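Computed from a predicted structure; not experimentally measured. Convention: sequence-line order gives letters A, B, ...; per-chain numbering from 1.
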There are 2 protein chains.
Amino acid sequence: MQTLPSGLPPLQTLRAFTAVARLKSFTMAADDLAVTQTAVSHQIAQLEDWIGGRLFVRDRRGVELTPLGQGLLPDVVGALENLEQALGRARRSLGSPKLRISTSPEFATQWLTPRLTGFCDAHPEVDVSVTVQYRRALVVNDDIDVAIWLSGGMLERGAERLTADEEFAVCAPELARELPRREGMRTAPLLRYEGARYTVLDWRRWHGQIYGDSDKHDFDGGPSYRTFPEMLDACRSGAGFALVRSSLVTDDLAAGRLVRCFTESVVSDLQYQLVIMPSRREEAQIRAFRHWILEQAKPAA
Amino acid sequence: MQTLPSGLPPLQTLRAFTAVARLKSFTMAADDLAVTQTAVSHQIAQLEDWIGGRLFVRDRRGVELTPLGQGLLPDVVGALENLEQALGRARRSLGSPKLRISTSPEFATQWLTPRLTGFCDAHPEVDVSVTVQYRRALVVNDDIDVAIWLSGGMLERGAERLTADEEFAVCAPELARELPRREGMRTAPLLRYEGARYTVLDWRRWHGQIYGDSDKHDFDGGPSYRTFPEMLDACRSGAGFALVRSSLVTDDLAAGRLVRCFTESVVSDLQYQLVIMPSRREEAQIRAFRHWILEQAKPAA
DNA sequence: CTAATGCATGAGGAAAATTCATGCAGACCT
DNA sequence: AGGTCTGCATGAATTTTCCTCATGCATTAG
């Protein structure tokens with residue numbers, strides 16, 4: 001008969017086998033492999049069942065290889081080492097993969113940076129760098145692999161939408177308690193930042209879109225900050241109201257550092273988009289990043 | 001940085017790699033490995049991600065190895081072949097495992113044989129044979145690996161109980177409908193079989209244990225059969241009542257071929273026990289059989 | 001005799017692999 | 001050209017596998 005259930009047993013059982021043979025102990029091998037003793041016991045039992053005979057003699061103070069195990073060990077160790085060398089060589093031949101990201105200050109600070117550690121943990125071999133630019137580089141140049149920028153429609157060929165933003169006003173929680181009504185808007189300053197023209201977070205326009213009465217009010221004169229993060233920092237301290245897009249304050253809202261002042265909001269016609277250099281699209285670290293960031297963006301979509 | 005997420009990628013991805021390289025097609029490789037094309041696609045993608053570069057160029061009419069893949073293939077094929085040879089040698093050195101079971105005719109017919117196909121399917125490499133004996137061999141001899149016999153207490157060192165039998169009376173369903181009352185017992189014959197003395201399925205004793213009035217009735221004179229299976233066959237045909245132990249009729253009761261005539265039953269002081277030759281206890285096929293049969297016996301326990 | 005060490009066992013849950021359903025692109029065929 | 005077919009990719013859902021937790025048993029040391 002001698003039917004083979006399969007050509008090879010699970011790889012993990014072989015690694016357990018070599019570890020136990022080397023350390024002469026299930027418990028120490030388990031420690032070496034960073035699993036529990038239970039797992040090693042199961043794996044050795046599984047390999048022994050697969051082969052059809054005992055590989056170790058279990059007795060007091062550790063374990064010893066049977067003749068069967070002694071015959072098997074050198075070949076298994078050798079084959080696994082060959083595999084590791086060959087695969088390691090193939091991997092190293094590609095060099096350390098790099099991932100260079102370009103984005104705006106507000107997106108980097110409010111969205112990307114807090115989440116990026118997750119990607120770095122999952123892909124420690126990738127050398128990640130983030131470049132912050134105040135104005136979008138019209139062409140994704142050779143120093144950049146992927147770019148994330150706010151734009152309307154699909155400007156770049158192959159760009160992918162990351163967010164589905166609304167625009168609304170936020171303030172510090174204390175300010176919301178003191179000035180709960182719409183009229184409060186005129187008793188506390190309206191914060192603004194210099195990028196506002198480009199990113200179209202403009203109080204007058206926003207108010208007009210909702211109430212149609214933008215002419216009646218004065219929207220000028222509040223403090224102005226150089227960047228969105230600076231403005232938001234002031235806002236958190238209670239300096240006034242800030243007009244934001246939703247994807248930039250999800251963390252602040254969740255943590256209670258900021259609250260929405262009014263229920264009114266405008267669906268933004270600008271969205272953050274992921275732009276990948278077409279020639280780099282197939283590289284593994286870039287495919288991984290794309291997969292990761294689309295996943296991250298999902299709940300906000 | 002170049003931190004390695006793990007020493008080796010999953011073994012299946014390597015087998016997929018060699019299969020695709022050999023057959024120059026994901027679909028054919030999938031067929032070769034007896035999985036779906038989807039699985040191969042995922043596995044190759046996983047290996048490519050692990051390595052960090054493409055191994056195949058996908059285009060019209062099949063796939064081709066990249067230089068990276070070409071460099072990797074010989075080493076991987078070689079290492080896997082070495083592993084397979086070493087493990088195959090170890091396995092063959094043990095010879096084709098045999099499992100010789102000795103038991104009684106009634107247990108073989110009524111319990112073991114119908115279930116044994118399950119074990120044979122799960123362990124096609126094991127050469128199973130069942131030896132039926134009318135009297136128990138007092139010593140499990142060299143031609144036998146395991147024995148299953150009815151006995152009281154733990155007669156053999158290391159014997160394990162398989163059943164928790166009760167003794168009760170059964171008959172064909174028609175007979176039960178016609179003679180539903182206890183008095184019916186005297187209008188239809190009480191079947192017996194020659195082994196009854198040894199296995200203690202004796203009408204007089206059974207009746208006495210329940211009612212204490214065994215002297216008042218006549219329990220002799222029914223038809224006698226040479227073996228339990230023969231008697232049970234007659235019983236199924238409506239020939240009369242049979243006194244049985246529960247584990248031997250579970251299938252017949254479940255299928256409705258037999259029914260219990262009375263609710264009265266006696267807990268048997270004899271149980272089927274599994275006896276394993278101590279010197280063979282560690283052999284894989286015997287451990288597998290022990291595990292299997294204890295599992296099978298559980299619901300009846 | 002009791003405690004401590006080391007492996008085994010089985011159930012339960014977490015993680016991984018596979019499949020299902022579907023999409024997309026190029027090649028071949030009228 | 002347009003349709004159809006072949007071949008690989010993708011994402012969700014499922015199945016399977018693997019690991020861990022809790023516990024048991026045997027041996028040895030104190």
Presence of donor-acceptor pair under 3.5 Å, side chain of [X] and base of [N]:
X      : N       : result
Q37(B) : dA9(D)  : yes
H42(B) : dT19(C) : yes
T38(A) : dC7(C)  : no

[X] has an atom [atom1]; how far is it from atom [atom2] of [N], in whole Å?
X      : N       : atom1 : atom2 : result
F26(A) : dT9(C)  : CZ    : P     : 11 Å
K24(A) : dC7(C)  : NZ    : P     : 12 Å
R15(A) : dC19(D) : CZ    : C1'   : 17 Å
I44(B) : dT10(D) : CD1   : P     : 14 Å
D49(B) : dA16(C) : CG    : P     : 14 Å
F56(B) : dC8(D)  : CZ    : P     : 10 Å
M28(B) : dT6(D)  : CE    : P     : 14 Å
Q12(A) : dA16(C) : CD    : P     : 11 Å

key: Pairwise 5' ranking along DNA chain C for P10(B) and E48(A), keeping only the more 5' one   =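 It is E48(A) whose nearest nucleotide is closer to the 5' end.
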
task = Could you check H291(B) against A34(B) and say which one's nearest nucleotide on DNA chain C is further toward the 5' end?
result =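 Result of the comparison: H291(B).
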
Donor-acceptor under 3.5 Å (S268(B) side chain, D165(B) main chain) =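 No.
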
Looking at [X], I'd like to know whether one of its side-chain N or O atoms comes within less than 4.0 Å of OP1 or OP2 on [N].
X      : N       : answer
Q46(A) : dC18(D) : yes
S41(B) : dA9(D)  : yes
R58(A) : dG6(C)  : no
Q43(B) : dA17(C) : no

key: From F17(A) atom CZ to Q46(A) atom CD, the distance as rounded to the nearest 0.5 Å   =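 Result: 14.5 Å between the selected atoms.
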
request  = Give me the ring orientation class for F26(A) and F56(A): parallel if the planes are under 30° apart, tilted from 30 to 60°, perpendicular past 60°.
outcome  =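 Because their plane-to-plane angle is over 60°, the rings of F26(A) and F56(A) count as perpendicular.
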
ask   = Quick one: are V35(A) and Q12(A) in side-chain contact, heavy atoms under 4.5 Å?
value =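 When only atoms from C-beta onward are counted, Q12(A) and V35(A) do not touch, as no gap falls below 4.5 Å.
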
query = Distance only, no hydrogens: is a donor on one side chain within 3.5 Å (strictly under) of an acceptor on the other, for R54(A) and T66(A)?
reply =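 No.
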
ask   = Of all the choices, dC7(C), dC20(C), dA9(D), which nucleotide is nearest to the side chain of R54(B) once you look at every atom?
value =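 The listed nucleotide nearest to R54(B)'s side chain is dA9(D).
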
inquiry  = Taking any heavy-atom pair under 4.0 Å as a contact, classify T27(B): base, sugar-phosphate, or nothing.
reply    =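 Since only primed, P, OP1 and OP2 atoms lie under 4.0 Å of T27(B), the category is sugar-phosphate.
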
